[in-house]
Amino acid sequence: MILLQQMMVLFIIMMIGYVCRRIGLFGPESSKLLSGIVVNVANPALILSSTINKETTIQGKELALTIGLAISFYVVLLVVAEIIPRLLRVEKNDYGVYKVMAVFSNIGFMGFPLLTAMYGNESLLYASLFLIPYNVLIYTYGVGALSKKEESEKQEKKAIPWKDIFNIGVIACIFSVILYLTRLRVPQAIEDVANTLGNLTAPLSMMVIGDAMSQMNIKELLKDKKLMIFTGIKLLIIPIIGLFIVKQLGLNDMLLGVCLVMLSTPVGSMTAMLAQQYDGNYELASKGVALTTLLSVVSMPIVSMIMGI
């Protein structure tokens, strides 16, 4: 019931974005403008707000286990991301989008509200340890995979330029880690600003997806066989296999629930936001976010039921 309620909230916000475009409140440049706010202001604020002035910390074995799980998750997902585009035989120009969609889920915008409703704020301490490598990777690996570069430029530049690596998202992650480790107190006003701006991330990002959906043919979206197969892999196969392995570790219920959300949430909205900002295939990324978000209403309860979580 909690899952369905949260999915309904996100769906309604998406539909508001859809209607705004249809009635002319949003124009051709609106989605890029909102994407810029999400990528450069709201999401970095959300990253900071996850660790600012938090009293409780995870200690000892649980801390080491959670960090180990977070690192392991992303190592495995990065390997899987290299396989999926080749397995589906997608166009080479779309490799980057499929890779990013495979690795990054909607853990911040959808996962955090779900975890709070199911387990309380304490669960966010576990989830934040997954969010830190997530954000570092999405602003480095994600940006690199989505950015369009000419072949000659790709050959000359084997790595992403430093100015792209140390962008606002990664800087926010670094400060977040420092705050988490030092327990440094910041003024209440700063905490309130971070919380307020961070709260913009979910509604703005979902409205951008709704705007993108208004330009899509839903019937054609469902007919995209490669994207449908990818959706099945992303929402069912990866989380079921991953959770089966994780359950063998004897985790407590809360950490197991965190792993469920980390693995089974749909493609992260940031995929579309970054594709918009860095001239990737924004249409494909938006389709992936929209399709997986819609179908996750069914897939997440199925995964939860199969895995007994």
Side-chain angles (χ1 to χ4, degrees), residues 2-3 6-7 58-88 98-120 122-138 141-142 145 228-268 270-271 288 291-293 295-309:
I2 294 173
L3 175 62
Q6 185 60 35
M7 295 301 296
I58 305 173
Q59 301 293 338
K61 292 182 179 180
E62 282 194 337
L63 176 62
L65 178 60
T66 306
I67 293 174
L69 279 172
I71 294 173
S72 299
F73 271 29
Y74 290 112
V75 168
V76 172
L77 286 173
L78 289 172
V79 173
V80 171
E82 294 296 322
I83 298 172
I84 288 178
R86 293 170 173 80
L87 184 66
L88 297 179
Y98 273 95
K99 287 179 181 180
V100 175
M101 290 195 299
V103 174
F104 302 104
S105 299
N106 208 346
I107 63 174
F109 311 150
M110 183 183 295
F112 276 28
L114 281 173
L115 288 171
T116 303
M118 291 188 291
Y119 299 103
E122 185 181 349
S123 62
L124 297 185
L125 295 173
Y126 292 95
S128 66
L129 294 177
F130 286 82
L131 189 63
I132 291 171
Y134 177 103
N135 282 289
V136 172
L137 283 171
I138 200 168
Y141 174 85
M228 287 295 292
I229 293 172
F230 168 82
T231 299
I233 296 172
K234 172 73 175 175
L235 297 182
L236 293 174
I237 295 177
I238 291 176
I240 288 174
I241 293 176
L243 288 168
F244 175 80
I245 295 171
V246 168
K247 284 190 76 173
Q248 312 310 311
L249 301 176
L251 307 180
N252 62 51
D253 290 342
M254 184 183 296
L255 187 49
L256 197 57
V258 170
C259 291
L260 167 68
V261 171
M262 297 301 105
L263 288 173
S264 62
T265 42
V267 172
M270 284 293 292
T271 301
L291 183 61
T292 56
T293 299
L295 295 183
S296 65
V297 177
V298 177
S299 66
M300 288 185 72
I302 289 176
V303 172
S304 178
M305 181 178 63
I306 290 175
M307 302 310 301
I309 300 175

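All values reported here derive from a predicted model rather than from experimental measurement. No hydrogens, no waters, no symmetry mates; every other heavy atom, side chains included, goes into these values.
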| message | Using every non-hydrogen atom in the two residues, find where Ala145 and Val100 come nearest and quote the distance to one decimal. | response | CB-CG2, 3.7 Å
| message | Please give me the minimum heavy-atom distance between Cys259 and Phe130, naming the atom from each residue. | response | SG-CZ, 4.5 Å
| Rounded distance [0.5 Å steps], CD1 in Ile84 versus CD1 in Ile229 | 11.5 Å
| message | Does any part of the side chain of Val258, heavy atoms only, come nearer than 4.5 Å to the side chain of Leu69, both counted from C-beta? | response | no
Scan the side chains in residues 230-240 for donor-acceptor partners under 3.5 Å anywhere in the protein, sequence neighbours excluded, and list what turns up.
residue, atom, partner, partner atom, Å
Thr231, OG1, Leu227, O, 2.8
Lys234, NZ, Met101, O, 3.2
Lys234, NZ, Ala102, O, 3.2
Lys234, NZ, Ser105, OG, 2.8

| request: Kindly give the heavy-atom pair with the smallest separation between Tyr141 and Ala81, and that separation in Å. | output: OH-CB, 4.0 Å
| field | side-chain hydrogen bond (donor to acceptor under 3.5 Å, both in side chains) partners of residues 300-309, not counting sequence neighbours, each pair once | value | none
| Heavy-atom side-chain proximity of Leu291 to Met228 below 4.5 angstrom | yes
| remark: Of all heavy-atom pairs linking Ser296 and Pro301, the shortest is O-CD, 3.8 Å
| request: Evaluate the criterion side-chain contact (heavy atoms from CB on, under 4.5 Å) for residue pair Met270 and Phe104; output intermediate values, then yes/no. | output: CA-CA 8 Å; Met270 284 293 292; Phe104 302 104; over 6 Å; no
| said: Quick check: do Leu263 and Val303 have side-chain heavy atoms less than 4.5 Å from each other? | reply: no
| remark: Sorted by chain and number, sequence neighbours left out, ring-ring contact (aromatic ring centres under 6.0 Å, His included) with Tyr74 holds for none
| said: On a heavy-atom basis, which atom in Gly268 and which in Tyr134 lie closest, and how many Å separate them? | reply: CA-OH, 4.2 Å
| request: Compare every heavy atom of Val261 with every heavy atom of Ile107, then report the nearest pair and how far apart it is. | output: CG2-O, 4.2 Å
| Taking only residues at least two apart or on different chains, which pairs with a member in residues 298-309 satisfy salt bridge (charged side-chain N to carboxylate O under 4.0 Å, His left out)? | none
| remark: When rounded to the nearest 0.5 Å, the distance separating CG of Leu295 from CE of Met300 is 13.0 Å
| remark: Residue pairs passing the side-chain hydrogen bond (donor to acceptor under 3.5 Å, both in side chains) test with at least one member in residues 247-266, sequence neighbours excluded, are Glu62-Asn252
